[in-house]
Amino acid sequence: MAKWTPKHEAPEPLEGPVVATITGGTIVWFVLFLVQLPFYGWFDDHGHAWWVWTCLAGGGLGLIGIWYVRKRDAAIKRAAAKRAGLPQQPTSAE
């Protein structure tokens, strides 16, 4: 079997509003959890209680994701400012 080699270079990764995307997704997970919560008895009776807890887990992991992408975004901005030779502004974490 021949080794696969790419025919062209991979494109640069897309950068977009990552913080807003993760925040929006986290809100959706929490809303889904809250919408399903009144029907927990029905979900439990039919063996689908894991749906409710999956939404809660998605919201909780989304909070970790928000923290991560905010730190990442700040680090990218600091690196860009350093490359441009601009003075660095202190962050709340320092």
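Each residue takes its place number in the sequence, starting with 1. Quantities reported herein were computed from a predicted structural model and do not represent experimental measurements.
By the criterion of side-chain heavy atoms lying less than 4.5 angstrom apart, applied directly or through intervening Ile, Leu, Val, Met, Phe, Trp or Tyr residues, Val31 is not grouped with Leu37; the two fall into different hydrophobic clusters. Linking Ile, Leu, Val, Met, Phe, Trp and Tyr whenever their side-chain heavy atoms come within less than 4.5 Å leaves Leu61 and Leu63 in two separate clusters. Ile22 is connected to Tyr68 through a chain of hydrophobic side-chain contacts under 4.5 Å among Ile, Leu, Val, Met, Phe, Trp and Tyr, so both are in one cluster. Both Val18 and Trp67 belong to a common hydrophobic cluster when Ile, Leu, Val, Met, Phe, Trp and Tyr are linked at side-chain heavy-atom distances under 4.5 angstrom. In the hydrophobic clustering of this structure, Trp50 groups with Val52; members are Ile, Leu, Val, Met, Phe, Trp, Tyr whose side-chain heavy atoms approach within less than 4.5 Å, directly or through other members.
Ring orientation note: the planes of Tyr40 and Trp53 are nearly perpendicular, at an angle over 60° on the 30°/60° scale.
In this structure, CD in Gln36 is found 7.5 Å from CH2 in Trp51, a value given to the nearest 0.5 Å. For the atom pair OG1 of Thr26 and CD1 of Ile66, the computed distance is 4.0 Å after rounding to the nearest 0.5 Å.
Within a 6.0 Å radius of CH2 in Trp42, other residues, nucleotides and ligands contribute more than 12 heavy atoms.
Residue Phe33 forms a side-chain contact (heavy atoms from CB on, under 4.5 Å) with just one option from Leu56, Val28, Thr54, and that option is Leu56.
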Apply the test side-chain contact (heavy atoms from CB on, under 4.5 Å) to residues Val35 and Phe30: give CA-CA distance (whole Å), side-chain angles for both, the deciding distance (0.1 Å), then the verdict. CA-CA 9 Å; Val35 167; Phe30 278 125; over 6 Å; no
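Ion pairing between Arg72 and Glu15 holds under the 4.0 Å rule for side-chain N and carboxylate O.
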